[in-house]
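Report on one structure; see the data block that follows.
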There are 2 protein chains.
Amino acid sequence: MDAYKFIKDAIILGKYVPGMRLGEETLAKELNLSRTPVREAIKQLEAEGLVVPLKRGVGVRSFTKEDIKEIYDLRSLLESYAASQAAMHRNEADLIELKTANELYEKAIHDHLQSDMASIRKIVKVNQRFHEAIVSAAKNKHLHFHISKVVVVPIVFRSFYWYSDFHLQQSLEVHKIIYKAIENKEAERARIAMHEHIFQGRDNVLNHLNDIKISHFFRGEPG
Amino acid sequence: MDAYKFIKDAIILGKYVPGMRLGEETLAKELNLSRTPVREAIKQLEAEGLVVPLKRGVGVRSFTKEDIKEIYDLRSLLESYAASQAAMHRNEADLIELKTANELYEKAIHDHLQSDMASIRKIVKVNQRFHEAIVSAAKNKHLHFHISKVVVVPIVFRSFYWYSDFHLQQSLEVHKIIYKAIENKEAERARIAMHEHIFQGRDNVLNHLNDIKISHFFRGEPG
DNA sequence: ATTTATTGGTTTGTATACAAGAAGTCAACC
DNA sequence: GGTTGACTTCTTGTATACAAACCAATAAAT
């Protein structure tokens with residue numbers, strides 16, 4: 001298996017918890033590989049900022065409250081710009097993908113509301129698909145590249161576990177507004193709606209951080 | 001010597017030209033190292049987007065006109081945001097660093113205007129120092145991280161060789177306006193001035209690309 | 001003449017061995 | 001009891017060897 005993907009997924013899913021040291025030999029044994037490819041994967045993850053130097057070697061990065069504020073500010077800057085650009089440059093294929101992603105999002109939320117927690121990961125995935133479709137419609141490959149490198153994934157993933165039913169439905173409504181704005185080529189409206197959307201996510205995360213000890217928060221399973 | 005820095009500098013300075021394939025063995029011999037550390041450096045540069053896959057291995061990335069447009073759009077988004085944040089969060093130490101950088105910039109341009117081309121690299125360096133000081137004053141580590149990873153350096157470096165005396169002085173004036181805005185905590189003014197500043201740079205680059213064949217442009221010495 | 005198949009050389013991908021350097025431990029001394 | 005120092009052990013950094021995949025060149029066939 002590919003070492004880079006394996007380690008990255010493990011970090012996002014919380015198998016490797018923040019602060020945990022990642023020894024090369026240990027990883028190599030878990031992956032049935034030698035240290036050489038593992039080292040290369042680590043160097044890439046380090047360049048992305050997902051792991052940081054820790055005691056001669058690296059460990060999983062942990063996020064302070066300040067980090068989370070900064071990351072969401074950055075993300076809202078990039079994605080609201082993406083939304084406005086998408087409104088200007090979207091073509092028919094983009095609209096279809098956006099619509100599809102949003103319909104799947106609606107379905108996933110609907111399923112979740114009348115059953116259990118098991119479908120949360122599905123919601124996360126489809127939400128991501130919608131956001132990626134917007135960035136893709138913005139037609140700026142470099143913007144796309146950078147947004148994909150914002151180390152927001154581990155946080156967003158967890159944050160969905162804290163959404164109330166009301167906030168999930170509200171999030172769906174905002175997705176629809178953003179879609180409409182992009183369809184109608186209303187760039188400024190798309191920008192503002194996306195900005196608001198991401199700041200709602202930010203508030204949701206930060207509220208939870210007030211309740212729970214931050215140090216416990218990004219260690220272990222989302223809950 | 002550190003393989004990562006060596007290769008990166010070689011790309012920025014134009015020693016390794018775009019499209020050129022970077023063989024591991026060749027690099028290793030040039031650096032008096034084995035292939036192992038060279039491979040790691042390459043993996044990092046690939047994660048940053050400075051080198052791209054090329055025939056089972058990597059080569060120096062070359063930029064199309066579209067790339068340059070997109071990169072400058074992204075850079076203006078990030079840096080104008082940085083300027084507005086700097087106006088809000090700057091402290092006295094930030095102001096001193098900004099002032100110092102700008103005074104050195106003024107001196108470097110002055111020296112250049114009454115002598116030769118040799119001091120262009122000095123201008124590039126001090127200009128970079130000013131821009132970094134602004135990002136630093138914005139007090140968002142993640143923003144800082146991402147701006148430093150925008151693959152703009154090889155382009156900006158070359159662009160200074162094309163500035164007319166007039167445009168250099170104009171650039172200095174805009175730097176001063178940005179500084180004043182940040183000092184006076186005028187966030188919106190700082191943002192707009194920075195946006196304008198970077199778009200002037202963008203226009204300057206794109207104008208030159210109209211004259212000269214793009215394929216020749218990022219190959220070999222700046223001129 | 002153009003296209004395809006085969007073969008040889010070159011280059012990357014992976015494993016492993018060895019050296020150098022931290023970090024942790026235990027003990028002795030202040 | 002705490003701090004310092006040497007020693008041991010574990011982990012990373014680098015080099016090298018080998019295997020496998022790819023590229024290119026050459027030759028043959030249509």
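Only heavy atoms go into these numbers, but all of them, side chains included; no hydrogens, no water, no symmetry mates. Being a predicted model, the structure only gives us computed values, none of them experimental. Chain naming here is simple, since letters A, B, ... match the order of the sequence lines and numbering starts at 1 in each.
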Short heteroatom pairs, N/O only, protein and nucleotides 14-18 of chain C, under 3.5 Å:
residue, atom, partner, partner atom, Å
C:dA15, OP2, A:S34, N, 2.5
C:dA15, OP2, A:S34, OG, 2.9
C:dA15, N7, A:T36, OG1, 2.9
C:dT16, O4, A:T36, OG1, 3.4

Whole Å only: how far is the [atom1] atom of [X] from the [atom2] atom of [N]?
X: A:L31; N: C:dG13; atom1: CG; atom2: P; answer: 17 Å
X: A:R21; N: D:dT11; atom1: CZ; atom2: C1'; answer: 7 Å
X: A:R56; N: D:dT11; atom1: CZ; atom2: P; answer: 11 Å
X: B:K43; N: D:dG13; atom1: NZ; atom2: P; answer: 17 Å
X: B:E25; N: C:dT12; atom1: CD; atom2: P; answer: 8 Å
X: B:L27; N: C:dT10; atom1: CG; atom2: P; answer: 18 Å

(message) For A:F145, does the six-membered ring have the charged nitrogen or CZ of A:K149 within the cation-pi criterion, i.e. under 6.0 angstrom from the centroid and within 45° of the normal?
(response) yes
Sequence-distant partners of [X], salt bridge (charged side-chain N to carboxylate O under 4.0 Å, His left out), two or more places apart:
X: B:E46; result: none
X: A:K141; result: B:E70
X: B:E25; result: none

Could you work out, with side chain to side chain donor-acceptor pair (under 3.5 Å) as the rule, every residue matching [X], not counting sequence neighbours?
X: A:S171; result: A:Y105
X: B:K99; result: none
X: B:N140; result: none

(request) Kindly calculate the angle separating the two end axes of the helix from C:dA1-D:dT30 to C:dC30-D:dG1, each obtained from five base pairs, and round it to 10 degrees. (result) 30°
(request) Scan residues 127-138 of chain A for pairs that pass salt bridge (charged side-chain N to carboxylate O under 4.0 Å, His left out), counting only residues two or more places apart or in two chains. (result) A:E97-A:R129
(message) Please tell me if A:K55 has a side-chain N or O lying less than 4.0 Å from either OP1 or OP2 of D:dT12.
(response) no
